[in-house]
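The figures here come from the full heavy-atom set of this structure, side chains too, leaving out hydrogens, waters and symmetry mates. Being a predicted model, the structure only gives us computed values, none of them experimental. The first residue in the sequence is number 1, and the count goes up from there.
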Amino acid sequence: MNDNMHVEEEMKPNGLLNTNSDQLLQSLLWNRHDLPSLEHGRLYRHHHRFTLTGMVVASLEGRPLHCSYEVETTRSWQTRKVKIKLSIGTEVQSLHLERDDDGRWWDGDTELTAFAGVTDIDLGITPSTNSLPIRRLKLRPGESASMTAVWIQFPSLTIAPLPQQYTRTGEYTYRYESNDGAYQADLEVDEHGLVTKYADVWSRAR
C-alpha cells in the first residue's frame, strides 16, 4: 500500500474517471486462529461508493455459525448501510442499520441517538471493517487518529460505542487500539487497505 491507494476511488490506472458501476477490487480468504473459522471477503467499487461483503463460517460457543454481511460506504469511506444475516445453531437473526446525511444512525424507524456523529462500523466477527477507518483517515507513517465506532458484537448482534485509535507504523502496517489502549493489535494490510494479518487472530489464506 502507498499513498496512491487513496485516489483509487476516483481514478482508473490510466488516469480516467472510473464509470464502472460494479468493479471487484479484491477477493480474499481469512483464517481465524483462535477458533475454527473461515471467511470469504470481497471489496467492490461503484461509481460513487464502495461495498464490502463477507461470508463467515465458524464454530462459536460450541455451535455452528454462518454469517453474511454487507457494508456500504461513500466514496470517502464513510459508512452508510450495514446488513447482517446470522444463523447460529438453530437461531436466525438479522440486523440492518443505516446512517443518514446528518450523521444519525437508524435501526428501521428507531434512531440510535447514542451513535450520532459516529462514522465507522466495526463488526466483531471479521477483520474486514478495520479497513474502513484505515481508508477514511488517510494516515501517513507515524500519524495517529482516534475515533469511535459502532461496534456490533457476535453472536448477540448487540451494538455499543467503541473508542478506537489507529497509528500508521509503516507503509503496510498499523497499530490498532481500543478502550484507551486496553486492547492492542498490530495489523498488516494490502494495497487496498484490506487487512491481511490481524495480530495472531486472523491471517489471509494463501
Side-chain angles (χ1 to χ4, degrees), residues 1-9 11 13 18 22-46 49-60 65-73 75-79 82 84 119-147 149 151-154 162 164-178 181 183-206:
M1 181 186 68
N2 55 47
D3 291 333
N4 291 332
M5 82 170 189
H6 298 313
V7 298
E8 73 175 11
E9 63 269 31
M11 308 295 288
N18 186 359
D22 192 16
Q23 180 184 5
L24 178 61
L25 293 177
Q26 185 63 287
S27 177
L28 48 76
L29 293 174
W30 285 289
N31 283 317
R32 185 164 177 173
H33 304 296
D34 59 339
L35 55 84
S37 177
L38 185 66
E39 175 179 355
H40 180 206
R42 292 181 175 181
L43 175 64
Y44 292 91
R45 175 173 52 196
H46 313 280
R49 59 191 174 89
F50 291 91
T51 303
L52 189 62
T53 68
M55 183 183 70
V56 181
V57 179
S59 176
L60 186 63
L65 176 147
H66 180 279
C67 175
S68 61
Y69 65 85
E70 179 178 307
V71 180
E72 179 182 312
T73 79
R75 67 187 301 172
S76 58
W77 298 92
Q78 298 183 34
T79 301
V82 182
I84 300 171
T119 301
D120 301 296
I121 198 81
D122 187 337
L123 307 185
I125 202 169
T126 173
S128 69
T129 47
N130 292 90
S131 301
L132 304 179
I134 285 175
R135 291 304 309 265
R136 182 180 63 80
L137 293 169
K138 299 181 180 180
L139 298 175
R140 295 185 179 276
E143 292 183 338
S144 298
S146 299
M147 28 74 73
W151 182 37
I152 301 180
Q153 303 167 71
F154 289 79
L162 182 64
Q164 302 179 337
Q165 178 173 291
Y166 286 84
T167 301
R168 189 171 180 179
T169 55
E171 184 178 5
Y172 293 92
T173 56
Y174 288 80
R175 167 65 60 88
Y176 166 76
E177 300 176 62
S178 62
Y183 178 82
Q184 300 183 6
D186 290 320
L187 313 180
E188 298 177 12
V189 302
D190 67 8
E191 68 274 17
H192 300 290
L194 289 173
V195 174
T196 57
K197 189 175 188 297
Y198 186 112
D200 295 324
V201 183
W202 284 281
S203 63
R204 181 176 180 174
R206 299 298 180 182

With no hydrogens and no angle check, is any side-chain donor or acceptor of K138 less than 3.5 Å from a backbone partner on R140? no
Determine, stepwise, if the pair L65 / I125 fulfils side chain to side chain contact (heavy atoms under 4.5 Å, CB included). CA-CA 11 Å; L65 176 147; I125 202 169; 3.6 Å; yes
I'd like to know if the side chain of R175 pairs up with that of Q184 as donor and acceptor (distance under 3.5 Å, no hydrogens or angles considered). yes
Without hydrogens or angle criteria, can the side chains of T119 and Q78 be said to hold a donor-acceptor pair below 3.5 Å? no
Tell me every residue that passes side chain to side chain donor-acceptor pair (under 3.5 Å) with T51, counting only those two or more places apart in sequence or in another chain. H46, R49
Y69 and E39: CA distance, side-chain angles, deciding distance, side-chain hydrogen bond (donor to acceptor under 3.5 Å, both in side chains) verdict: CA-CA 11 Å; Y69 65 85; E39 175 179 355; 2.4 Å; yes
Is it true that a side-chain atom of W30 and a backbone atom of V195 form a donor plus acceptor pair closer than 3.5 Å? yes
Could you walk me through whether F50 and W77 satisfy the side chain to side chain contact (heavy atoms under 4.5 Å, CB included) test, starting with their C-alpha distance in whole Å, then the side-chain angles of each, then the deciding distance to 0.1 Å, before giving a yes or no? CA-CA 7 Å; F50 291 91; W77 298 92; 3.5 Å; yes
Of all pairs that satisfy salt bridge (charged side-chain N to carboxylate O under 4.0 Å, His left out), the ones with a partner from residues 23-33, not counting sequence neighbours: R32-D34
Looking only at side chains, do T169 and T167 share a donor and an acceptor under 3.5 Å apart? no
Regarding H33 and S203, do their side chains bring together a donor and an acceptor under 3.5 Å, going by distance alone? yes
Drop me the distance from L123's CG to Q153's CD, to the nearest 0.5 angstrom. 11.5 Å
Go through it in stages, so that I can follow the logic: the residues are M147 and D120, the test is side chain to side chain contact (heavy atoms under 4.5 Å, CB included), and I'd like the CA-CA distance, side-chain angles, deciding distance and then a yes or no. CA-CA 8 Å; M147 28 74 73; D120 301 296; 3.0 Å; yes
Report yes or no: does S131 contribute a side-chain atom to a donor-acceptor pair with the main-chain N or O of G193 at less than 3.5 Å? yes
Mark yes or no for whether T173, through its side chain, and G170, through its backbone, hold a donor-acceptor pair below 3.5 Å. yes
Begin from the C-alpha positions of V189 and L194 and carry the test side chain to side chain contact (heavy atoms under 4.5 Å, CB included) through to its verdict. CA-CA 5 Å; V189 302; L194 289 173; over 6 Å; no
For Y176, ring pair (Phe, Tyr, Trp, His ring centres under 6.0 Å) partners two or more places apart: Y166
Test E70 against T53 for side-chain hydrogen bond (donor to acceptor under 3.5 Å, both in side chains), laying out the working first. CA-CA 4 Å; E70 179 178 307; T53 68; over 6 Å; no
